[in-house]
Amino acid sequence: MSIGYACLTIGVENSQQKSCNLKNATPEKLQEIISNNLNSLESIVDYNIENNIKLFRISSDIIPFGSNPINQLSWWTLYENKLNKIGTKIKNSGMRVSMHPGQYTVLNSPDSKVVENAICDLNYHGKFLDSLGLNREHKLILHIGGIYQEKENAISRFEENYRKLEESVRKRLVIENDDRSYNIRDVLDIGTKLSIPVVFDNLHNKVNPVNEEISEETWICLAAITWKVNDGRQKIHYSQQNPIKKRGSHAETIGIREFVNFYKRVKGENLDIMLEVKDKNLSAVKCILCTGRQKISSIESEWGHYKYAVLEKAPDIYQEIRKLLKNKNEDLALPFYEAIERAMDTENNKGHAINAAQHVWGYFKDVANEKEKNDFVKIQENYKADIKSLENVKSYLWKLTLKYQREYLINSLYFFLT
DNA sequence: TGACGTCAAGATCCG
DNA sequence: CGGATCTTGACGTCA
């Protein structure tokens, strides 16, 4: 039903997350970062609302060192107004958010210090969602942890330590199969025994399967049983293998044909699907537009974002898409994104890249001063002569985009896709 | 002891 | 000096 993305955005203004080192983490520095990060979170929530994205994972780093004793700020009171404002936007728009402590939060460690840290960390995550005023449908996702040579004992320790968690954390906690230690069968057994909802992760299940014969649909049905009414809709994680990286690495973008097939197969309309993918919000918008009825205007607006990136890669596909968008009465989302994917998969070509850069330059040629005109000519020549890279050319154009505040270009993915 | 994963910050280099 | 490019950090497990 809802499709969403994790933590960061591409091409969204004022959504940057900041961080700092432990040794620089003064109260002043921490406050500055928290203030920035909450402003960014609000921008992201606004963006999600505008783009009909109803599922989002909030970064664990939203509060720097949120569970480290170095951070003694009571950020939930210092930023109470801001947190309420953001929480209200989330609730009023029907958005569902989550948080996901990473691979270093380990509840079942034999080392009691590690367990203590994990509990602190879960408390921090729970407190953040509480401070937004959100109910228990807004989940905290956790992996089971390590094996330590004795899986049975490791699982018992997970169960023991789970029971020690505060109710405010337990009510949100859901568990997920991972790519090396605990497969979906293990996690379903634990979830069933302790009444913890289970998140099925399709790529982890491919990398660390129980049994190749059992289908994804079957596992999703079995996981469904662990979700009770006040947990909200069943959630799953979806990602695709990056073809050039090692097994388990997330793809740059979600291949839309494969996703749509998956969505039909597993009856995705009954699920909340969290995408784990490098291009973040871009894949979320793509998957949302390809699984529902769309107005032509949404596709046209997407074309506005992608067009110069496509022109840079493949002028022929650029023309093909222009032609495609003239069919105002058909459902264009799928063929549109398939064409975008083909274009972005195309090998770089200097001539095409220069052609696109000149199109973009068109936004400045009337306002640019003499030095800027000369610099653009020079950087183009240096690019042709292999002295400068395409990234250098584009970062020069980005500088001009910001200087002359060209709104259309600020929202263009030309500068963010490679 | 280093790889793993992730992203910005910090450090260094270059013209 | 500003910008580009590289290295580091912060976490715990496992080989």
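In this text the structure is predicted, and so the values were computed from the model without any measurement. Here is how names work: the chains are called A, B, and so on, in the same order as the sequence lines, proteins then strands, and each is numbered from 1.
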Just grab all the salt bridge (Lys or Arg N to Asp or Glu O under 4.0 Å) pairs involving [range], residues at least two apart or on different chains.
range	result
residues 299-314 of chain A	A:Glu300-A:Lys328, A:Glu312-A:Lys394
residues 187-200 of chain A	A:Glu159-A:Lys193, A:Arg185-A:Asp189
residues 237-254 of chain A	none
residues 46-64 of chain A	A:Asp46-A:Lys89, A:Arg57-A:Glu276

Considering only distance and modelled atom types, tabulate donor-acceptor pairs under 3.5 Å from the side chains of residues 199-206 of chain A, sequence neighbours left out.
| residue | atom | partner | partner atom | Å |
| --- | --- | --- | --- | --- |
| A:Asp201 | OD1 | A:Leu203 | N | 3.1 |
| A:Asp201 | OD1 | A:His204 | N | 2.9 |
| A:Asp201 | OD2 | A:His204 | ND1 | 3.3 |
| A:Asn202 | OD1 | A:Ser239 | N | 2.8 |
| A:Asn202 | ND2 | A:Ser239 | O | 3.0 |
| A:His204 | ND1 | A:Glu176 | OE2 | 3.3 |
| A:His204 | ND1 | A:Asn177 | O | 2.9 |

Could you give the angle between the helix axes at the two ends of the helix from B:dT1-C:dA15 to B:dG15-C:dC1, with five pairs per end, rounded to 10 degrees?
70°
Quick check on contacts: within residues 25-47 of chain A, what sits under 4.0 Å from DNA chain C by heavy-atom distance?
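Those residues: none at all.
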Enumerate the residues from residues 181-190 of chain A whose closest heavy atom to DNA chain C is under 4.0 Å, giving them by residue number; use none for an empty result.
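Going residue by residue through residues 181-190 of chain A, none turns out to have a heavy atom under 4.0 Å of DNA chain C.
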When you compare the protein's N or O atoms with those of nucleotides 1-9 of chain C, which come within less than 3.5 Å of each other, and at what distance?
| residue | atom | partner | partner atom | Å |
| --- | --- | --- | --- | --- |
| C:dA4 | OP1 | A:Ser395 | OG | 2.9 |

Taking only residues two or more places apart in sequence or in another chain, which ones pass ring-ring contact (aromatic ring centres under 6.0 Å, His included) with A:Trp227?
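Residues passing ring-ring contact (aromatic ring centres under 6.0 Å, His included) with A:Trp227: none at all.
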Report which part of the nucleic acid A:Ser109 touches: base, sugar-phosphate, or nothing (heavy-atom distance under 4.0 Å, all strands).
sugar-phosphate
Nucleotide N/O of nucleotides 2-7 of chain B paired with protein N/O under 3.5 Å:
| residue | atom | partner | partner atom | Å |
| --- | --- | --- | --- | --- |
| B:dC4 | O3' | A:Lys246 | NZ | 3.2 |
| B:dG5 | OP1 | A:Lys246 | NZ | 3.3 |
| B:dG5 | O4' | A:Gln103 | NE2 | 3.2 |
| B:dG5 | N1 | A:Tyr104 | OH | 3.2 |
| B:dT6 | OP2 | A:Lys278 | NZ | 3.2 |

Can you list every pair that meets ring-ring contact (aromatic ring centres under 6.0 Å, His included) and has a residue in residues 72-93 of chain A, with sequence neighbours left out?
A:Trp75-A:Phe128
